[in-house]
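Sharing a structure here in structure tokens format.
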Amino acid sequence: MCGHVTLELDIQLLRDILNEAYGVKTMTLNHYKPRYNIAPSQPVLSVINDGVSNRAGYLKWGFVPSWSKDSSIGNKLFNARSETLALKPTFKDAFSTKRCLILASSFYEWQSHSSDKTPYRIALKESPLMPMAGLWSSYKTPDNTKIYTCTIITTQANDMIKNIHNRMPVILSPNQLNAWLNPKNKDVLALQSMLSPYASKSMTMHPVSTLVNNVKIDHEDCIRPL
DNA sequence: CCAGACGTTGTT
DNA sequence: GTCTGG
DNA sequence: CCAGACGTTGTT
DNA sequence: GTCTGG
């Protein structure tokens, strides 16, 4: 699965990649600073297509369906299973019209060993920015303010990650990004087929400090390999 | 038909 | 044990 | 995901 | 809003 991520690249490099590799025309990166420990309920950097162009901005991590009575359900829905999201009432609508990318430099997975848990940091070899497949939602709170939330789609772990955990986030290849983001794309089979494990050989994995367990610690030490 | 749920993970 | 907040 | 709280009453 | 269970 995917419960904590990082986004630590330099802002100029980030802007360049968003422009060149993601075709982003408008971006809202106010107050950007590198993050080493982003947890559910916090803002994550996302890309959506508004029907005309790709836009980057922040969404609150934790999916709240539009019909929810209160937003606390979002604490649980920070992941959506790729195998079933097309059938679930909670995600079905978003899968057809509200697909997004969640951008990270890396994500963390915890290996459970009887009573201990060891966190690992997992990143791409070929890029400092990892596009994870996600779904977003718009929710009107009781006081009539809209909040925009998202969830990261998971799939079975690849051969590398399988050693520590049975699930991983869906990571898309550069050539899949536009088809995934296009809200007019109704080819459900093609969309579904993108939701597969990313190749182990293109990824790196290292154990890191349990500092990352504590969401209050957002420090470079979180990503340092042990 | 209406009422009530709608999700993921890990662990056992 | 279960829920909420980060 | 993990960490930390989790309740009521009355009184100030 | 949409699906399931009764």
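Keep in mind that what you see is a predicted model, and the values were worked out from it rather than measured. Here is the naming used below: chain letters follow the sequence lines, and residue numbers restart at 1 for every chain.
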Problem set entry | A:I38 CD1 - C:dG6 C1' separation (whole Å) | 12 Å

For this session: Starting at CG of A:L9, measure out to CD1 of A:I17 and round the result to the nearest 0.5 Å.
Result: 5.5 Å

For this session: Would you indicate whether the side-chain heavy atoms of A:T149 and A:W61 approach each other to under 4.5 Å?
Result: no

Exercise. Taking atom C1' of C:dG5 as reference, at what distance in whole Å does atom CG of A:D218 sit?
Worked result: 16 Å

Exercise. If we call it a pair only when both distances are under 3.5 Å in a Watson-Crick or G-U wobble match, what pairs with B:dT8?
Worked result: none

Problem set entry | Residue that, paired with A:S105, satisfies side-chain contact (heavy atoms from CB on, under 4.5 Å) out of A:T6, A:L14, A:L124 | A:T6

Problem set entry | C:dT4 versus D:dT8 - spacing of their P atoms, nearest Å | 14 Å

For this session: Check whether any side-chain nitrogen or oxygen of A:R167 sits under 4.0 Å from OP1 or OP2 of B:dT9, and answer yes or no.
Result: yes

For this session: Counting heavy atoms from C-beta on, name the nucleotide in D:dA3, B:dC6, B:dT9 closest to the side chain of A:R81.
Result: B:dT9

For this session: Please work out if A:S112 contacts a base, only the sugar-phosphate, or nothing of the nucleic acid, heavy-atom cut-off 4.0 Å.
Result: sugar-phosphate

For this session: Using atom CD1 of A:I152 as one end and atom P of B:dT9 as the other, report the distance to the nearest whole Å.
Result: 12 Å

Exercise. How close or far is atom C1' of D:dC1 from atom CD1 of A:I164, stated in whole angstroms?
Worked result: 13 Å

Exercise. Using a cut-off of 4.0 Å on non-hydrogen atoms, how would the nucleic acid contact of A:S41 be classed: base, sugar-phosphate, or nothing?
Worked result: base

Problem set entry | Watson-Crick/G-U partner (both atom distances under 3.5 Å) of C:dG5 | D:dC2

Exercise. Could you state the CG-P distance from A:L195 to B:dT8, rounded to the nearest angstrom?
Worked result: 13 Å

For this session: Using whole Å, report how far CG of A:L77 lies from C1' of C:dC3.
Result: 14 Å

For this session: Rounded to the nearest angstrom, tell me the gap between atom CZ in A:F78 and atom P in B:dT8.
Result: 11 Å

For this session: Check whether any side-chain nitrogen or oxygen of A:K92 sits under 4.0 Å from OP1 or OP2 of E:dC3, and answer yes or no.
Result: yes

Exercise. Any chance NZ of A:K125 has more than 12 other-residue heavy atoms, nucleotides or ligands included, within less than 6.0 Å?
Worked result: yes

Problem set entry | From E:dC3, B:dT8, C:dT4, nucleotide with atom closest to A:N79 side chain | B:dT8

Exercise. So what does A:D93 touch, heavy atoms closer than 4.0 Å: a base, only the sugar-phosphate, or nothing?
Worked result: nothing

For this session: Inspect the contact between A:R121 and A:E8 and indicate whether a charged nitrogen and a carboxylate oxygen are less than 4.0 angstrom apart.
Result: yes

Exercise. What does A:N213 touch in the nucleic acid at a heavy-atom separation under 4.0 angstrom: a base, only the sugar-phosphate, or nothing?
Worked result: sugar-phosphate

Exercise. DNA chain B: A:C2 or A:T90, which has the more 5' nearest nucleotide?
Worked result: A:T90

For this session: Using a cut-off of 6.0 Å, state whether more than 12 heavy atoms not belonging to A:K186 lie near its atom NZ.
Result: yes

Exercise. Quantified in whole Å, what is the P atom distance between nucleotide D:dT9 and nucleotide B:dC2?
Worked result: 38 Å

Exercise. Does A:T28 reach the side chain of A:Y58, with side-chain heavy atoms less than 4.5 Å apart?
Worked result: no

Exercise. Where the side chain of A:K216 is defined as all heavy atoms beyond and including C-beta, which of D:dG4, D:dC2, B:dT8 is the nearest nucleotide?
Worked result: D:dG4

Exercise. What nucleotide, of B:dT11, B:dT8, E:dT2, holds the atom closest to the side chain of A:K117?
Worked result: B:dT11

For this session: Remember a base hit wins even if backbone is also touched, and classify A:T154 as base, sugar-phosphate or nothing at under 4.0 Å, heavy atoms.
Result: sugar-phosphate

For this session: Measure the distance from CZ on A:F91 to P on B:dA5 and round it to the nearest whole Å.
Result: 18 Å

For this session: Can you figure out which of B:dT8, E:dC3, D:dC1 approaches the side chain of A:T84 most closely?
Result: B:dT8

For this session: Check whether the aromatic ring of A:W67 stacks on the base of B:dC6, taking stacking as ring centres less than 5.5 Å apart and planes within 30° of each other.
Result: yes

Problem set entry | Rounded distance in Å between the P positions of D:dT11 and B:dA3 | 43 Å

